[in-house]
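Notes to accompany the following structure.
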2 protein chains.
Amino acid sequence: MQTLHIVKIGGNVIDDQERQNSFLKTFHSIKGMKILVHGGGKSATEISRKLGIEPKLVNGRRITDEETLKVVMMVYAGLVNKEICAFLQSLGTNAIGLTGADANIIPATKRAVKEIDYGFVGDINIANLNPDILSKFLEMGLVPVIAPLTHDGKGNMLNTNSDTIASTIAVLMAKIYNVSLIYAFEQKGVLESGEVISQITNKTYTDLLKDGIIKDGMIPKLTNSFEALNHGVKSVIICNYDDVAGITNDNIHVGTRVTL
Amino acid sequence: MQTLHIVKIGGNVIDDQERQNSFLKTFHSIKGMKILVHGGGKSATEISRKLGIEPKLVNGRRITDEETLKVVMMVYAGLVNKEICAFLQSLGTNAIGLTGADANIIPATKRAVKEIDYGFVGDINIANLNPDILSKFLEMGLVPVIAPLTHDGKGNMLNTNSDTIASTIAVLMAKIYNVSLIYAFEQKGVLESGEVISQITNKTYTDLLKDGIIKDGMIPKLTNSFEALNHGVKSVIICNYDDVAGITNDNIHVGTRVTL
């Protein structure tokens, strides 16, 4: 099996053009097959405000109404995705920007309304996904750059969490490739008293949760990581943007390695 | 050689959701390999205004400055392109939205500054284009949906005329396919005293120009058409959005056929 690196980047790097380009140079240096999944960044909120669309929150949760959906389509698929693709092309990486609607790579379902109506938000059922088209793109030497949007098959785009897209694509592609999933973010890894925890297993995770060392946004990241490992992904690493290049060198240990 | 239909649609149909969806159903009904090239529509101007970016004109020509480029990237590649792709997917057409930066399908050059600095506007040299990736997409059953944006290979996206993109892609693909290029717009064809001119040749074109029957925006469309025919494109038709389905039926004559 060939190795496939799937790297997910979040908002912090996208909001800073210089850091984004510096990261993309690092990403460019990763040899072999690779996929980049990006988040949204803060510009969607800024552009919404300028257009007079105030963020809608219900019980502290963000709602994607019709107007907000248009803004995230514009910012994620139009601005962020194409800036990344144009810059990668300038380095010689043959990037192809995709949303879940393009070539139907990520069909999804509009989230069912229970206590909260989240609006145009997509939930993915991996059973509906097929790795063939992405695999053909990789074999053609293309580097998919995936925006955090899916579609419902009824003509609507859907706003979708980028961590979830990354882990879903990782599990999907693990049917064909030796997949290494990398969550790149602003810290050096998962931290305990300022020090990077070099490895987290199923067992130590339970303890870290209990002791309140892992909390907030790190919880879904780790839940996604274990979910991916349980479904065939070979390796999950949580590390700093700048350390992504070291991932492909077995002699360098960077960030936090998540294992079963 | 297999037949490939390349259909270009303009702003009028994009500005009206109902007409756009009606056209897309017609486009969906075209059998065999096909590519859709779309223009921008008026929403870029509206969204620019809402964001406080006033259209910049020099000698009556529109200028794409850095702020305007961001808006057209958002509207063309993010909003218009993805709405079209999601709707085509709902019909069962496996659309893939692309700009010139994606898979490097249309490298271009930022227009040289002479009397006017047009800003981030792309000129295409067909010698730099390669039909292989688009051809592989078509063979995979994908239907490319191309937004009017190219890139300069230096990290910048470029605003590019959609009629030019359509005729360039037509000439490029004519190396491999029997290409039929269709300019779909709001009229029934090229009109003379309200009647559709069923055929325009090199010779009749000169007369129609002289008599002032062909003028304004129709001139570059016809120049592009003859350019395409001179470079291997088999057929060029200028017709109404609703008549595109008839194109594939040899027994039905729709719109204006341009021939050498």
Side-chain angles (χ1 to χ4, degrees), chain A residues 21 24 43-44 46-47 50-53 69-105 107 132-133 136-137 139-145 147 149-158, chain B residues 21 24 43-44 46-47 50-53 69-105 107 132-133 136-137 139-145 147 149-158:
Chain A
N21 289 354
L24 292 174
S43 36
E46 280 167 32
I47 288 170
K50 282 189 190 167
L51 292 171
I53 305 163
L69 176 69
K70 285 186 180 178
V71 173
V72 299
M73 284 168 68
M74 291 199 295
V75 175
Y76 301 168
L79 193 62
V80 176
N81 190 274
K82 297 315 164 200
E83 280 184 348
I84 291 174
C85 287
F87 192 78
L88 284 175
Q89 287 290 349
S90 79
L91 302 173
T93 282
N94 201 0
I96 179 167
L98 299 167
T99 67
D102 298 300
N104 195 26
I105 58 165
D132 292 352
I133 290 215
K136 278 184 188 155
F137 288 169
E139 280 161 27
M140 287 163 73
L142 297 175
V143 175
V145 174
L149 291 160
T150 59
H151 77 122
D152 68 356
K154 297 170 187 164
N156 301 301
M157 296 295 295
L158 299 168
Chain B
N21 290 353
L24 292 174
S43 36
E46 281 167 32
I47 289 170
K50 281 191 191 166
L51 291 171
I53 305 161
L69 176 68
K70 284 185 180 179
V71 173
V72 299
M73 285 168 67
M74 291 199 295
V75 175
Y76 301 169
L79 192 61
V80 176
N81 190 273
K82 297 317 164 199
E83 278 183 350
I84 291 175
C85 288
F87 192 77
L88 285 174
Q89 286 291 348
S90 79
L91 302 174
T93 282
N94 202 0
I96 179 166
L98 300 167
T99 68
D102 299 299
N104 194 27
I105 56 164
D132 292 353
I133 291 215
K136 279 184 188 154
F137 288 170
E139 280 162 26
M140 287 164 72
L142 296 175
V143 175
V145 175
L149 291 160
T150 59
H151 77 121
D152 69 357
K154 297 169 186 166
N156 301 302
M157 297 297 293
L158 298 169

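By convention in this document, chain letters (A, B, ...) are assigned in the order of the sequence lines, proteins followed by strands, and residues within each chain are numbered from 1.
Between B/Asn94 and B/Leu142 there is a side-chain heavy-atom pair separated by less than 4.5 Å. The closest side-chain heavy-atom distance from B/Glu83 to A/Met73 is below 4.5 Å.
When only modelled atom types and interatomic distance are considered, A/His151 and A/Asp102 share no side-chain donor-acceptor pair under 3.5 Å.
Most heavy-atom pairs under 4.5 Å with chain B, from the set A/Ala147, A/Gly153, A/Gly92: that is A/Gly153. Residue with the most contacts toward chain B among A/Lys70, A/Gln89, A/Lys136, A/Lys50: A/Gln89 (heavy-atom pairs, distance under 4.5 Å). Ranked by heavy-atom pairs under 4.5 Å with chain A, the first of B/Tyr76, B/Phe137, B/Phe87 is B/Phe137. Here A/Ala86 is the residue among A/Gly100, A/Ala95, A/Ala86, A/Gly141 with the most heavy-atom pairs under 4.5 Å with chain B. Comparing A/Thr93, A/Ile96, A/Thr99 by how many heavy-atom pairs each has under 4.5 Å with chain B, the most go to A/Ile96.
Contact of A/Lys154 with chain B is made through the backbone alone, with heavy-atom distances under 4.5 Å. Using a 4.5 Å cut-off between heavy atoms, A/Ala103 contacts chain B through both its backbone and its side chain. Looking at A/Ile47, both its backbone and its side chain come within 4.5 Å of chain B, counting heavy atoms on both sides. Both the backbone and the side chain of A/Leu79 come within less than 4.5 Å of a heavy atom of chain B. For B/Asn104, the parts lying under 4.5 angstrom from a heavy atom of chain A are both the backbone and the side chain.
One distance of note links CE of A/Met74 with CG of A/Leu69; it measures 10.0 Å at 0.5 Å rounding. Interatomic distance, B/Leu98 CG to B/Leu149 CG, rounded to the nearest 0.5 Å: 11.5 Å.
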(message) Does B/Ile133 form a side-chain contact (heavy atoms from CB on, under 4.5 Å) with A/Met140? I'd like the steps, not just the answer.
(response) CA-CA 8 Å; B/Ile133 291 215; A/Met140 287 163 73; 4.1 Å; yes
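The two residues A/Ser90 and B/Gly155 make their nearest non-hydrogen contact at CB-N, 3.4 Å.
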